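Here is how names work: the chains are called A, B, and so on, in the same order as the sequence lines, proteins then strands, and each is numbered from 1. Being a predicted model, the structure only gives us computed values, none of them experimental.
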Amino acid sequence: MSEQDLKHFVPTPPRLPARNEQNLRHRIQKQCFNNIGNSLLTISVLVLIYYVAKSFLDWAVFNAVWDAATRRECLDISPDGACWAGVIDWFNGLIYGRYPDEEQWRVNSGVVMALLWLLPLMSQRIAYRNSILISWITLYPFLGAYMFLGGTFGQDVGIIHMVFTSLAAGYFILLYLNWVLCAAGQSSLPEMVTPLTSKLFRRGQHMTGFLLVWGFLSILCGVVLAQMHLEPVPVDHWGGLFLTLIIASFAITMSIPVGILLALGRRSKLPVIHWLSMMLIELVRAVPLITVLFMAVTLLPIFLPSGAEPDKLSQVLFAVCLFAGAYMAENIRGGLQAIPDGQYEAAQTLGLGYWLTMGLIILPQAMRLMIPNIMTSFISMLKDTTLVSIIGLFDIMLMARNISNDKNWIGLHTEPLALISILFFVMCYGMSQYSLNLEKRLKAHRS
Amino acid sequence: MNFISPSRPKPGIANSILSCLNKDSTRGVVIQAATLGLVLATLLYLFSNSAQNLDQLGLSFGFDFLQTTAGFDISWSLIAYDPSMSYWRVFLVGIVNTLFLSFCVIVFGTIIGTIVGILRLSPNPLVSQLARCYVEVVRNVPLLIQIIFWFTTVFSALPPPRSGYGFAGLIFLNNRGFYMPSAVTDMSGWLIAAGSLMLLGTLWFLLRGIRRQQRQSGSVRPSYRIAFAIWGIVLCGMALIVGSSLHWSVPALQGFNLEGGMFLPSAFGAAFIAMAVYRSAAIAETVRAGMESISKGQHEAAATIGFSRFQTLRLILIPQAIRAIIPPLANSWLVATKDSSLAVAIGFPELVSVFMQTSVNQTGRAIEIIAMVMGFYIVVSLIISYLLNKYNAHVQFKAR
C-alpha cells in the first residue's frame, strides 16, 4: 500500500434525504391534520373557501348575463346572476368618461406615447437615462395636454404651450430615431452632425450637435402640428379611468420633487426654512385628503384674483400634489436620516457645495433606501384618487356610480363596483409585488 | 516655492464685500429673509384677493355666524339636535358623530386585525394563506369603493321596515338601518356619568395600590380586600338605584317606520363595516410585522419550558411584540380617524358632511369653516401623537 492510497480521501456516501419528510402528502398531514383541532380547522376553512368561491363564481360567471338591453331584461333572464351587459354597455364611459367617441384615439395615442417615452428606460444599455426621465416629467405634460385638450396652434393653444409641445414632439422623435440608429449599429443623429458643428464651435460639440438636431426636429414638428386641427375637448369632459390615471400619475410624479424640497427644507439648518417646511408637512399630514380637496375647491377661487379662476381639475391637481408631496417628504426624510454623517463629510472634503452634495451623494442613497416606502405611498396615492369623485370629478368611481342612474340600468350598483374593484386590485397588487421584487433585488445588490 | 498656499485676496472694498457674501452665515440670512419675504408676500397677496372677493360677494370674515340658527336638519345625531340650534351645535354634532364612528372602527378594526394578524402566522398553511388573501384583497381595493359597495349592495338592498329582519322582537334590521332596545332613565345623564367615572377612578386607584404592594411585599394586605368589598357594595347600590329608574325602550313598528329604541342609520352601518374591515387589514399587517420581529429563540425557549401555543402567545410573544406594534398601531388609529371623513360619500352626517359641505353651502363662510374642521383634525392628531410619545417613554426598555 503506497502512501498515495493512504492519503486518498474516500468520503462516506451522504445519507439519503429523509424522503418521508419531503413529500407533499406528509407535509400536508403534518401541517394541516396533525391533531383533531387543526383537522377541524382545515376542514372548516376548506368548506368556507368552497362556499365563497362557488357563490361568487355562480354570480359572476355561471348565472351572469352578458347580453341584454336593459337591467329588467337581465333580471328576466337570470335573477340571481351578475348583469355584465350594463357594464359592457358603459365600458367606454368607464374608460374615457364623457370624452367624445371620435376623439378617443387621441387619449389612446397620448397614453401610448407616454409609455413609449419611458420604454427606453427598461433597457440597461441606454445612455442618459436621467435626461429621459427628466424630459418626461418636464416636456411630456405639454404634449399630453395638447393631445388631450386639442385646439389649433395660434388660436386656442398659447405661444408657450406651442413651443413646448413642439420641443416635446421633437425630443420624442429624436429619442426614437437615435434608438433605431443605435440598434442598426449606426452612430446617433447628434454624432452625425458633430463633424459640422466642430468646425463652428470649439467646445461642447456634442451638446451643440444635440441642440441643433433637437431644434431642427422641433421646428419641423411645430410646422407639421400647426397644420393640424384637433377638436378642442374641455377638461370637464374628461373622465373615467383616463382621468384617474392622469390624477394619479400627476400625484406620483410631482410628489417626488415637492417631497424632496420639503424634506430638505425640514432638514435645513436655517430656522425659517426648517419651521416653514415642518409646519406645512405636519399641517397637511394631520388632515384628511378630502378636507384638502374641499379646501382647494372652495378656497382657491376666493384666494385667487377674481376672473383667474382655475378649472376644477387644476384645483384638484394642486391639492393632490400638496398632499402627496407632504407624505413623500416624510418618506424621504426617513431616508436622509439613515445616511451616516461620514457621507456628508466626505462630500465636503471633495469640495462639493450643498446642492451637489445632496444631488450626487445623499439623495441617490436616501431614495434607494426608501424605495419600499415610496412604492407604498404611490399605491396609496393611486387608491386616494377615487376621492375626487366626492367633489364631483367624473373619475372611474363616479362613472361607475352613475351607471345606476341611467334609465336603462337603474339600480345597477354591484357589477360596476365589482369591475373597478378588480381593476384597482390588479393595479395596486401588481405595484406592491413589483416593489417587493425591487426590494429583494436591491438587497441582493447591496450585500 | 510653496505651490499650494492659497493666494490671499488683496484687501480691498470689493473683495471684502465678496468674501462677506460668500460666508455661510450671510448666505443663510439672505436665503431665509428671501424665503420669509416671498411667503409673506404670497400670503398678503392671497388675503388681499380674498378680501376683495368676499367684498364682491357681500360676505365678511368672522366667527359670528356660529351663533346664528342653522335651520337644516341632520339625519342622525348622537347628541340632541334640531334645526333651530346654532351652527356651533352643528359643529359639535359633526365632531361627536365623527368621533363615535372612528371609535367603533378603531375598536372593531383592532380586534379583527389582531386576530387576522395572528392567523397569518398560523402553522397551518391553509389558514395563513386565507388570512393573507383577506389582507391583500381588502388592502388593495380603495376604501371609498368598499364603503359604497357596502352601502349600495348590502345595506340599501335590505327589505323596507315593514318586512325587515327582526330578532326576538327586539333587534331590527332593514334598509333604513339598525334598531335595538335602549335603556331610558329619568335621572340626569351627567349624574350617572359622574358616578361611573368616580367608581372607575377608585377601581384604578385600588388596583394600582394592590399591584405596588404585591411587588414590594409579595402579598396583599387584608385592608385592600375590605376596600374591594366596599367598592363592590357601592357598585351594586348604584346599579340598583339606576336600575330602578330604568326602563327599556323597544323599537316597534308604527306606520311605515319603527319608533323607539336606539337607531343606527344604514349609512353608519356601511361606513362602519367597510372602515373596520379596511382598518383590520392594515392592523393585521402591523401585528404580523411586530410578531415576526421577535427572534425564533423566544419561540423555542417557550417550547422548551413546555408552554402551549396559546401560552406562548400570551406570555412570551405578545408582551414583547407590543412594543413594536403600538407605534404603528396608534398611527393606524389616527388614519382611521382621518378616514372616517370618507363617510361623507354615502351621506353619513359626520364633520365634513354637516359642516364642510352643508354649512359652507348655507353660509358661504368657507375660510372659517375649513379652518375649524382642519383645526379639529389637527387637535386629534396632536393628542394621539402626544399620548403615543408618553406611552413610548413608558414602555421603553429601561436600562437597569
Does any heavy atom of chain B fall under 4.5 Å from the side chain of A:Ser389, the backbone, both, or neither of them?
side chain
Is there a side-chain contact (heavy atoms from CB on, under 4.5 Å) between B:Ile145 and A:Leu417? Walk through the geometry before answering.
CA-CA 7 Å; B:Ile145 295 183; A:Leu417 285 176; 4.2 Å; yes
Using non-hydrogen atoms only, which part of B:Ile148 is less than 4.5 Å away from chain A: side chain, backbone, both, or neither?
both
How long is the span from the CG atom in A:Leu276 to the CG atom in B:Leu36, to the nearest 0.5 Å?
6.5 Å
Part of A:Met397 within contact of chain B (heavy atom distance under 4.5 Å)
side chain
Distance-only, no hydrogens or angles: does the A:Lys383 side chain make a donor-acceptor pair with backbone N or O of B:Arg139 under 3.5 Å?
yes
So, do B:Phe149 and A:Ser421 sit near enough that their side-chain heavy atoms are less than 4.5 Å apart?
no
Heavy-atom side-chain proximity of A:Leu387 to B:Leu342 below 4.5 angstrom:
yes
Hey, does the side chain of B:Asn53 reach the backbone of A:Leu304 with a donor-acceptor pair shorter than 3.5 angstrom?
yes
Could you measure the distance from the CD1 atom of A:Ile290 to the CG atom of B:Leu351? Nearest 0.5 Å is fine.
12.5 Å
Assert yes or no for the condition that the ring centre distance of A:Phe303 to B:Phe47 is strictly below 6.0 Å.
yes
Honestly, the part of B:Val137 sitting under 4.5 Å from a heavy atom of chain A is both
As an exercise, state the distance from CD1 of B:Ile370 to OG1 of A:Thr298, rounded to the nearest 0.5 Å.
3.0 Å
If one checks every heavy atom of B:Gln52 against chain A at 4.5 Å, the contacting part turns out to be neither
Report yes if the side chains of A:Leu48 and B:Leu130 come closer than 4.5 Å at any heavy-atom pair, otherwise no.
yes
Per-residue contact mode, A:Arg401 against chain B (heavy atom under 4.5 angstrom)
side chain
Considering residues, nucleotides and ligands other than B:Phe103, do more than 12 of their heavy atoms fall under 6.0 Å from its CZ?
no
Check whether any side-chain heavy atom of A:Phe294 lies under 4.5 Å from a side-chain heavy atom of B:Gln357, and answer yes or no.
yes
Side chain, backbone, both or neither: which part of B:Gln56 has a non-hydrogen atom closer than 4.5 Å to chain A?
side chain
For chain A, which candidate among B:Val380, B:Ile378, B:Val335 shows the most heavy-atom pairs at distances under 4.5 Å?
B:Ile378
Report the C-alpha separation of A:Ile390 and B:Leu144 in whole Å, then their side-chain angles, then the decisive distance to 0.1 Å, and conclude whether the side-chain contact (heavy atoms from CB on, under 4.5 Å) test is met.
CA-CA 9 Å; A:Ile390 296 178; B:Leu144 189 62; 4.1 Å; yes
Approximate separation, where rounding is to 0.5 Å, of B:Met356 CE and A:Thr291 OG1:
5.0 Å
So, taking the atom named CG in A:Asp384 and the one named CG in B:Leu143, what distance separates them when rounded to the nearest 0.5 Å?
9.0 Å
Once you round to the nearest 0.5 Å, how far does OG1 of B:Thr153 lie from NE2 of A:His413?
9.0 Å
Check whether B:Ser381 gets within reach of chain A through its side chain, its backbone, both or neither, counting any heavy atom under 4.5 Å.
side chain
Of all the heavy-atom pairs spanning A:Phe425 and B:Glu136, show the shortest one and how long it is.
CE1-O, 3.5 Å
Is chain B contacted by the side chain of A:Leu270, its backbone, both, or neither, given a heavy-atom distance below 4.5 Å?
both
Shortest non-hydrogen pair, B:Arg132 vs A:Gln433, comes out as NH2-OE1, 4.5 Å
Answer with side chain, backbone, both or neither: which region of A:Pro301 has an atom nearer than 4.5 Å to a non-hydrogen atom of chain B?
backbone
Which portion of B:Asn140 sits near chain A, non-hydrogen atoms under 4.5 angstrom:
both
For residues 361-369 of chain B, give me every residue with a non-hydrogen atom less than 4.5 Å from any non-hydrogen atom of chain A.
B:Ala366, B:Ile367
